[in-house]
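Worth knowing before you read on, the calculation uses all heavy atoms, side chains too, and leaves out hydrogens, waters and symmetry mates. Along the sequence shown, residues carry numbers from 1. Because the structure is predicted, anything quoted here is derived from the model rather than measured.
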Amino acid sequence: MPNLKVYLDQNDQSWGLDETVLTRLRGALVDGLKVPTSACQLAVVPIQGLPGQPPANIELSVLSKPDRTPERLAELGQTLQDIVANAGPSRVAFRCTVMDRASYVVGKG
């Protein structure tokens, strides 16, 4: 159930995040987290950022699993950053939230 959001500052018009790049991001999630493609949710969110902050910010939410160690998630984060950086400016931040299965609530329509 990885949920990945890429926030892109609209002040920078050099982004090339197209379907090919999103497919690469999803592939990295599938490989790095050992999940099916159907479990992945990706979104690109345009934002109005402030000067001095990275023009792209990747936020990943995942459910906890024993093999999702901070080190493995950091490696995955670096891969995701590299993919996004290759599609635009090189400054890309990454954050990951690991959610507890016992308190995770979902509603699907």
Would you list the atom pairs, donor with acceptor, under 3.5 Å between side chains in residues 40-58 and any protein atom, with sequence neighbours excluded?
unit_1: Gln48; atom_1: NE2; unit_2: Asn11; atom_2: OD1; d: 3.1
unit_1: Asn57; atom_1: OD1; unit_2: Arg95; atom_2: NH1; d: 2.6
unit_1: Asn57; atom_1: ND2; unit_2: Glu59; atom_2: OE2; d: 3.1

Identify every side-chain donor-acceptor pair in residues 18-31 under 3.5 Å, counting partners at least two apart or on other chains, and give the distances.
unit_1: Asp18; atom_1: OD1; unit_2: Thr20; atom_2: N; d: 3.1
unit_1: Asp18; atom_1: OD1; unit_2: Val21; atom_2: N; d: 3.1
unit_1: Thr23; atom_1: OG1; unit_2: Glu19; atom_2: O; d: 2.8

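Checked against side chain to side chain contact (heavy atoms under 4.5 Å, CB included), Pro70 has no partners two or more places apart in sequence or in another chain. Taking the side chain to side chain contact (heavy atoms under 4.5 Å, CB included) definition, one finds that Thr97 meets it with Ser61, Met99, sequence neighbours left out.
Using a 4.5 Å cut-off on side-chain heavy atoms (C-beta onward), Leu76 and Leu60 make contact. At least one side-chain heavy atom of Arg101 sits under 4.5 Å from a side-chain heavy atom of Lys65.
Rounding to the nearest 0.5 Å gives a distance of 6.5 Å between CZ of Phe94 and CG of Leu73. Atoms CG and CZ, from Leu63 and Arg68 in turn, are 6.5 Å apart once rounded to the nearest 0.5 Å.
Cluster membership for Tyr7 and Leu17, using ILVMFWY side-chain heavy atoms within less than 4.5 angstrom, is not shared.
Closest of all the heavy-atom pairs between Pro2 and Leu33 is CB-CD1, 3.6 Å.
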Output, in order, the C-alpha distance, side-chain angles, deciding distance and verdict of side-chain contact (heavy atoms from CB on, under 4.5 Å) for Val62 and Val35. CA-CA 11 Å; Val62 296; Val35 296; over 6 Å; no

